[in-house]
Amino acid sequence: MNVLDLVRPEIRAMQAYSSARMEARGGSVLLNANESPWPHVGGGDGWNRYPDPQPAVLVARMAELYGVNADQLLVGRGSDEGIDLLVRAFCRAGQDAVLISPPTFGMYAVSARVQGAAVIEAPLRADFSLDINTLLAALTPAVKLVFVCAPNNPGGAGVPRAAILYLAEALAGRALLVVDEAYVEFVTPDGPDGSVATCIRDFDNLVVLRTLSKAWALAGVRIGTLLANADVVAMLRKIMPPYPLPVPCVDAAMQALSRAGELEMRGRVAAIRQERTRMQRTLAGLPGVRAVLPSQANFLTVRFHDAEAALVALWNAGVVVRDVRRHAGLGDALRVTIGSPEDNECVLQVLRVPLAARARAMPRAKQSP
Ligand SMILES: *Cc1c(COP(=O)(O)O)cnc(C)c1O
C-alpha cells in the first residue's frame with residue numbers, strides 16, 4: 001500500500017492552483033503577476049513582488065539543519081499550518097478521524113473539528129507518559145492521522161525515539177504518524193528522546209513537525225516545517241495557499257539560521273535547560289507545591305495544593321502563567337514557561353511566600369485571570 005492511498009480521493013484528483021510566480025521563473029521584465037513596478041517607500045528589497053512559494057535558500061538551509069532532502073520538507077506559517085494541511089488532505093469530513101493522547105496540544109483537535117473529522121482519544125498514563133498500547137488499541141479504520149507530541153505539551157514528558165519508531169512501524173499502511181517536535185531542541189542531549197526527523201526516509205507514513213517558534217526565538221515570525229516522504233510533501237503543496245511565506249519573514253528566518261544564529265540558539269537552549277533543572281528542584285521544595293512534572297521542554301507543569309491561590313498570587317505580581325486545569329488529570333496544575341533567570345526569580349519570589357498567608361494579607365483579585 002502506498003501512503004498516498006490514505007489521501008482524500010478528491011484531493012488526489014485535484015489540480016493545484018498554478019500561480020504566476022510558479023509558471024514563469026526567471027526573466028527581468030516582470031509583467032505577469034499584476035504587481036507594482038516600484039517598491040513601497042520604506043519597503044524592503046523585493047516587497048513589491050510575490051514571494052517564492054518555497055524559497056530555495058531557506059529550504060536548503062532547513063534540509064541541512066534537519067538532515068533531510070529538500071523535497072522532503074515543506075515550510076509554512078508555523079507548525080499550526082502543517083497540522084491544518086495534514087488534516088485537510090487526509091481526513092474526509094464526517095467519515096475520518098484523528099487519534100490523540102490527551103492531555104496534549106489543542107490544535108490537533110481544533111484542526112480536526114474545523115475539517116469535520118472525529119477526534120478519538122487514547123489518554124496518557126497516570127504519570128503523563130505516552131501509552132503506546134492504549135494508542136494502538138484505540139486505532140480504528142477511520143483514523144488517518146495519529147498525533148504524538150514529543151516532548152508533550154502541557155505535560156513536558158519526552159517520548160523515547162524507540163517508541164515512536166515502533167509506532168510508525170505498527171501504523172504502516174493504516175495511518176500517518178505525526179510527531180510534533182516543537183520542543184525537541186530542549187531535550188536532554190544524548191538522552192533517549194531525540195528527534196526522529198531523519199527517520200522519515202525509513203517510514204513513508206512518518207511526518208515530523210519542527211518550528212522556529214520556540215528554541216529559535218521566532219514565534220512572531222511564524223515559520224514552521226513539515227518533514228515527510230516526498231510524495232506526501234508534494235500532495236500537501238497542492239492544497240497550500242500559493243504564497244504562504246512573507247518576504248520579511250523569510251529574511252528573518254535566514255538571519256536566525258545563520259552560523260552565528262545557530263550558535264546563539266544552542267547557547268540559549270543550554271541556558272534554558274540549566275534554568276529548568278534549577279526551577280524544577282526549587283519549585284519541588286516549596287510548601288505550596290505538590291509536584292513538578294518531569295519536563296524535557298522549556299516549561300514546567302506544576303501541581304499545587306491550591307492552584308487558584310497560586311495563579312492569583314502570580315497574577316497580582318504581574319506574572320502570567322498558563323492555567324492548564326481544564327485538562328483531565330491536571331485539575332491542580334499551572335504551566336510555567338522557563339524564562340530568563342530574572343523572570344524565573346519573580347516566580348520563585350511569589351511562591352516562596354506561603355500562599356495561605358498571602359491570601360490573608362492581600363485582597364483576592366475580583367476575577368481570576
Ligand atoms: C508551540 C507549539 C507549536 C508551535 O506552533 P507554531 O505554529 O510553529 O508556532 C507546535 N506544537 C506544539 C505542541 C506547541 O506547543
Side-chain angles (χ1 to χ4, degrees), residues 54 58-59 62 65-66 73-88 98-112 114 119 121 124 128-130 135 145-159 164 176-187 193 195-197 206-228 236 240-241 244-246 249-250 252-253 256-257 265 268-269 272 276 293 295-301 320-324 326-327 330 333-339:
Q54 292 286 297
L58 182 61
V59 168
M62 286 193 153
L65 182 69
Y66 298 134
L73 180 152
L74 186 67
V75 190
R77 289 157 291 187
S79 318
D80 288 346
E81 181 162 34
I83 296 165
D84 183 59
L85 290 172
L86 286 165
V87 173
R88 286 195 286 151
V98 308
L99 178 54
I100 62 172
S101 284
T104 192
F105 189 49
M107 283 310 292
Y108 316 136
V110 168
S111 289
V114 170
V119 179
E121 300 191 340
L124 297 176
F128 300 101
S129 63
L130 186 70
L135 201 64
L145 303 170
V146 176
F147 285 98
V148 169
C149 189
N152 191 31
N153 174 14
V159 183
I164 288 177
L176 270 72
L177 175 61
V178 186
V179 184
D180 185 344
E181 295 190 336
Y183 299 99
V184 80
E185 290 89 348
F186 298 102
V187 308
D193 303 334
S195 174
V196 294
L206 178 62
V207 180
V208 175
L209 302 174
R210 302 291 298 260
T211 182
L212 299 187
S213 293
K214 306 287 160 55
W216 290 90
L218 289 184
V221 169
R222 311 301 305 129
I223 301 273
T225 307
L226 180 149
L227 316 174
L236 296 175
M240 197 178 207
L245 305 172
C249 297
V250 171
L257 293 165
M265 183 280 283
R268 287 181 170 175
V269 164
I272 293 284
R276 178 176 72 200
L293 301 190
S295 173
Q296 292 283 326
N298 67 338
F299 54 82
L300 292 170
T301 301
V320 188
V321 299
R322 185 80 156 151
D323 186 354
V324 293
R326 67 186 177 283
H327 292 283
L330 292 176
L334 305 175
R335 192 192 69 197
V336 185
T337 304
I338 305 297

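Counting starts at 1 for both ligands and their atoms, following the listed order. These values consider heavy atoms only, across backbone and side chains, with no hydrogens, waters or symmetry-generated copies.
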Students often mix this up, so state it plainly: with edges at 30° and 60°, are the rings of Phe299 and Tyr183 parallel, tilted or perpendicular?
perpendicular

Below 4.0 Å, non-hydrogen atoms only: which portion of Lys214 touches ligand 1? Side chain, backbone, both or neither.
side chain

Suppose I only count heavy atoms of Asp80 and a 4.0 Å limit; which atoms of ligand 1 are within that range?
5 (O), 7 (O)

Can you tell me how far apart CD (Gln54) and CG (Leu73) are? Round to the nearest 0.5 Å.
7.5 Å

Could you give the distance from CG (Asp80) to OH (Tyr108), rounded to the nearest 0.5 Å?
9.5 Å

Below 3.5 angstrom, do we get any N/O pair linking Thr211 and ligand 1?
yes

Using heavy-atom distances, let me know which of Ser213, Gly220, Ala297 sits nearest atom 9 (O) of ligand 1.
Ser213

Any side-chain to backbone donor/acceptor pair from Arg210 onto Ser195? Under 3.5 Å, distance only.
no

Identify the two heavy atoms, one from Asn152 and one from Leu124, that lie closest to each other, and give their separation to 0.1 Å.
ND2-CD1, 3.3 Å

Who's the nearest protein heavy-atom neighbour of atom 6 (P) of ligand 1, and how far?
Ser79 N, 3.4 Å

Counting from 1, what ligand 1 atoms have a heavy atom of Cys149 closer than 4.0 Å?
13 (C)

Ranked by distance from atom 15 (O) of ligand 1, the top protein heavy atom is Tyr183 OH, 2.6 Å

May I ask you to decide if Val196's main-chain N or O and Glu181's side chain share a donor-acceptor pair within less than 3.5 Å?
yes

Atom 12 (C) of ligand 1: nearest protein contact (heavy atom, Å):
Asp180 OD2, 3.4 Å

Under 4.0 Å, heavy atoms only, figure out whether ligand 1 is touched by the backbone of Ala182, its side chain, both or neither.
side chain

Distance-only N or O hit between ligand 1 and Arg222, under 3.5 Å:
yes

Is the backbone of Leu130 close enough, under 3.5 Å, to the side chain of Ser101 for a donor and an acceptor to pair up by distance?
no

